[in-house]
Visitor: 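The structure's right below; bear with me while I get my questions together.
Values below: all heavy atoms of this structure, side chains included; hydrogens, waters and symmetry mates excluded. Quick caveat: nothing in here was measured; it's all calculated off a predicted structure. We number each residue from 1, following the sequence as shown.
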Amino acid sequence: MTDPKAPMTYAEAQELFERLLKLDYHPVAIKFFKSTEEADQYQAEKRAAAKLTFCQFTAASRMANYVLKGSNENILCENCLTTFGYTAPSDEEAKGHFKYVADEEFARQVLATKPRLPLGEMKVFMTAPLAKTPVDPDVVMFVCNPLQAYHILNDYIGAFKVHPLQFNHTVNSAVCGGAVWTYLNHKPNMNTMCSGSYTSGKTEKGEVNVFIPGDQILDVARQLAYRTEVSNGASFPCTGTEWPGLDVCKKCPMVRFKDVE
């Protein structure tokens with residue numbers, strides 16, 4: 001029987017998540033460096049040739065397997081620059097939130113209440129596939145379907161004995177703000193795509209974003225492995241199968257329709 005406290009590497013954790021939950025993408029390790037000196041100790045595999053959104057950084061790590069570093073110099077999205085504490089909120093940025101709430105004054109409140117890193121605290125960020133991260137991550141992000149998210153969060157609950165979980169939804173900044181909220185609160189988070197993560201982040205298949213504190217990800221993976229052995233499968237409600245979400249009602253004789261007479 002798997003020991004829920006057995007040593008595990010990040011590469012082993014990624015393999016477990018991908019094999020048992022059939023993830024479409026690599027989990028992404030996110031690191032926030034407070035000094036350029038610390039960031040310089042870790043090498044990126046690729047560099048951004050132009051300004052990008054943070055969604056695009058994470059998409060490249062989860063889909064192309066790249067280890068990347070970035071800063072305010074190559075972030076395109078104004079919302080991300082504010083969320084990451086590179087810039088202070090401004091009236092001009094608040095105007096960009098009007099389209100979500102159709103109220104100018106409330107748009108300012110929306111901007112003011114989004115999660116943000118302290119101004120100037122973070123210098124460099126890194127995104128990497130979990131298996132390749134050269135540094136302990138602050139946050140691990142999954143882009144997955146809702147049922148995969150359900151399993152990941154259930155295993156968090158099982159590992160840490162906390163229930164229920166509550167999440168933080170904002171009108172935009174789903175990926176950057178979602179990661180920052182988890183970092184600041186040291187709690188898991190789940191949110192829908194925002195307009196940016198739908199397009200730039202390539203979540204056009206209806207995925208959700210799940211964020212787990214980096215220092216808790218190995219415990220979640222161990223819980224997944226342990227529960228799979230105990231329950232004879234990783235998937236609920238149907239154990240003993242390899243695919244999460246097997247449609248057990250497909251041939252149910254109770255789900256039938258007849259012609260209207």
Visitor: Linking Ile, Leu, Val, Met, Phe, Trp and Tyr through side-chain heavy atoms less than 4.5 Å apart, which residues share a cluster with Phe33?
Guide: Tyr42, Val67, Val124, Met126, Val135

Visitor: Test of understanding: clusters of I, L, V, M, F, W, Y form through side-chain heavy atoms closer than 4.5 Å, transitively. Do Phe167 and Ile217 belong to the same one?
Guide: yes

Visitor: To the nearest 0.5 Å, how far apart are CG in Leu218 and CD in Gln216?
Guide: 10.5 Å

Visitor: Of the non-hydrogen atoms in Phe211 and Ala179, which two are nearest, and what is the gap between them?
Guide: CE2-N, 3.5 Å

Visitor: Could you pull out the closest heavy-atom pair between Cys194 and Asn172, with the gap in Å?
Guide: CB-CA, 3.7 Å

Visitor: Using the test ring-ring contact (aromatic ring centres under 6.0 Å, His included), find all partners of Tyr86 that sit at least two apart in sequence or belong to another chain.
Guide: none

Visitor: Once you round to the nearest 0.5 Å, how far does CG of Leu147 lie from CG of Leu21?
Guide: 9.0 Å

Visitor: Is it true that, when you exclude Lys99 itself, more than 12 heavy atoms of the residues, nucleotides or ligands shown sit nearer than 6.0 Å to its NZ?
Guide: yes

Visitor: For residues 159-166, tabulate all N or O donor-acceptor pairs below 3.5 Å that involve a side-chain atom, not counting sequence neighbours.
Guide:
from   : atom 1 : to     : atom 2 : distance (Å)
Lys161 : NZ     : Gly158 : O      : 2.6

Visitor: Report the residues that fulfil ring-ring contact (aromatic ring centres under 6.0 Å, His included) with Phe125, sequence neighbours left out, ordered by chain and then residue number.
Guide: Phe54, Phe57, Phe84

Visitor: Could you work out the complete set of other residues in the hydrophobic cluster of Val171, with links drawn between I, L, V, M, F, W and Y side chains under 4.5 Å apart?
Guide: Tyr100, Val101, Phe106, Val110

Visitor: Gln109 and Thr113: which non-hydrogen atoms are nearest, and at how many Å?
Guide: O-OG1, 2.8 Å

Visitor: Please find the pair of heavy atoms, one from Ser61 and one from His26, that lie closest to each other, and give the distance.
Guide: O-CD2, 4.1 Å

Visitor: Measuring only between side-chain heavy atoms, which start at C-beta, is Asn209 closer than 4.5 Å to Val175?
Guide: yes

Visitor: State, yes or no, whether a side-chain contact exists between Lys123 and Glu38 at a heavy-atom distance under 4.5 Å.
Guide: no

Visitor: Going by side chain to side chain donor-acceptor pair (under 3.5 Å), name the residues that satisfy it together with Asp155, two or more places apart in sequence or in a different chain.
Guide: Arg227

Visitor: Looking only at non-hydrogen atoms, find the nearest pair between Thr192 and Ala174 and report the distance.
Guide: O-CB, 3.4 Å

Visitor: Donor-acceptor check, side chain of Asn74 to backbone of Gly70, threshold 3.5 angstrom: yes or no?
Guide: no

Visitor: Can you list the residues that meet the salt bridge (charged side-chain N to carboxylate O under 4.0 Å, His left out) rule with Glu92, with sequence neighbours excluded?
Guide: Lys95

Visitor: Would you say that more than 12 heavy atoms from the other residues, nucleotides or ligands in this model lie under 6.0 Å from the CD of Glu121, or not?
Guide: yes

Visitor: Regarding Thr82 and Glu93, is there a side-chain donor-to-acceptor distance under 3.5 Å anywhere?
Guide: yes

Visitor: Could you check whether any side-chain N or O of Glu12 sits under 3.5 Å from a backbone N or O of Thr9, counting only pairs where one atom can act as donor and the other as acceptor?
Guide: yes

Visitor: Would a single hydrophobic cluster contain both Tyr10 and Ile30, if residues Ile, Leu, Val, Met, Phe, Trp and Tyr are joined by side-chain heavy-atom contacts under 4.5 Å?
Guide: no

Visitor: Do other residues, nucleotides or ligands put more than 12 heavy atoms under 6.0 Å from the CD atom of Glu104?
Guide: no

Visitor: Are side-chain heavy atoms of Met190 and Leu153 found at a separation under 4.5 Å?
Guide: yes

Visitor: Do the side chains of Leu23 and Val139 join up, straight or via other hydrophobic residues, at under 4.5 Å, putting them in one cluster?
Guide: no

Visitor: Applying side chain to side chain donor-acceptor pair (under 3.5 Å), can you list everything that pairs with Thr182, at least two apart in sequence or on another chain?
Guide: none

Visitor: Do the side chains of Glu18 and Pro27 get nearer than 4.5 Å, heavy atoms only?
Guide: yes

Visitor: Applying salt bridge (charged side-chain N to carboxylate O under 4.0 Å, His left out), can you list everything that pairs with Glu15, at least two apart in sequence or on another chain?
Guide: Arg19

Visitor: Once you round to the nearest 0.5 Å, how far does CG of Asp103 lie from NE2 of His97?
Guide: 13.5 Å

Visitor: Going from OG on Ser90 to CG on Leu111, what distance comes out if it is rounded to the nearest 0.5 angstrom?
Guide: 7.0 Å

Visitor: Under the side chain to side chain donor-acceptor pair (under 3.5 Å) rule, collect the residues that match up with His169, sequence neighbours excluded.
Guide: none

Visitor: Taking the side chain as C-beta and beyond, is there a heavy-atom pair between Pro137 and Val140 under 4.5 Å?
Guide: yes

Visitor: Distance only, no hydrogens: is a donor on one side chain within 3.5 Å (strictly under) of an acceptor on the other, for Ser173 and Lys114?
Guide: yes

Visitor: Where is the tightest heavy-atom contact between Pro115 and Gly177, given as atom of each residue plus distance?
Guide: CG-O, 3.4 Å

Visitor: Among residues at least two apart in sequence or on other chains, which ones pass side chain to side chain donor-acceptor pair (under 3.5 Å) with Asn79?
Guide: none

Visitor: Give a yes or no on whether Lys187 atom NZ has more than 12 heavy-atom contacts from other residues, nucleotides or ligands under 6.0 Å away.
Guide: no

Visitor: Using distance alone, with no hydrogens and no angle criterion, decide if Asn145 and Gln148 have a side-chain donor and acceptor under 3.5 Å apart.
Guide: yes

Visitor: Linking I/L/V/M/F/W/Y whenever any side-chain heavy atoms sit under 4.5 Å apart, do Leu68 and Leu130 land together?
Guide: no

Visitor: What I'd like to find out is whether the side chain of Lys132 reaches to under 4.5 Å of the side chain of Asn65, using heavy atoms alone.
Guide: yes

Visitor: Between Ile75 and Leu52, is the side-chain contact (heavy atoms from CB on, under 4.5 Å) condition met? List the steps.
Guide: CA-CA 5 Å; Ile75 281 292; Leu52 304 172; over 6 Å; no

Visitor: Looking just at side-chain N and O atoms, do Asn189 and Asn168 make a donor-acceptor pair shorter than 3.5 Å?
Guide: no

Visitor: I'd like to check Asp136 versus Asp215 (side-chain heavy atoms, cut-off strictly below 4.5 Å). Are they in contact?
Guide: no

Visitor: Around Tyr25, counting heavy atoms of other residues, nucleotides and ligands shown, do more than 12 lie under 6.0 Å from its OH?
Guide: yes

Visitor: Go through Cys144 and Val210 one step at a time and tell me if the side-chain contact (heavy atoms from CB on, under 4.5 Å) criterion holds.
Guide: CA-CA 8 Å; Cys144 55; Val210 174; 4.0 Å; yes

Visitor: Distance check, rounded to the nearest 0.5 Å: His186 atom NE2 versus Asp138 atom CG?
Guide: 9.5 Å

Visitor: Find the distance between CG (Leu81) and CZ (Arg116) and round it off to the nearest 0.5 Å.
Guide: 13.0 Å

Visitor: Are the side chains of Pro134 and Gln43 in touch, meaning some heavy atoms are under 4.5 Å apart?
Guide: no

Visitor: Can you list everything that forms a ring-ring contact (aromatic ring centres under 6.0 Å, His included) with Phe142? Sequence neighbours excluded, please.
Guide: Phe17

Visitor: Are Ile157 and Leu16 joined in one hydrophobic group, where the rule is that I, L, V, M, F, W and Y side chains link up if heavy atoms are under 4.5 Å apart?
Guide: yes

Visitor: Only one of Asp219, Ile212, Leu224 clears side-chain contact (heavy atoms from CB on, under 4.5 Å) with Tyr156; which?
Guide: Ile212

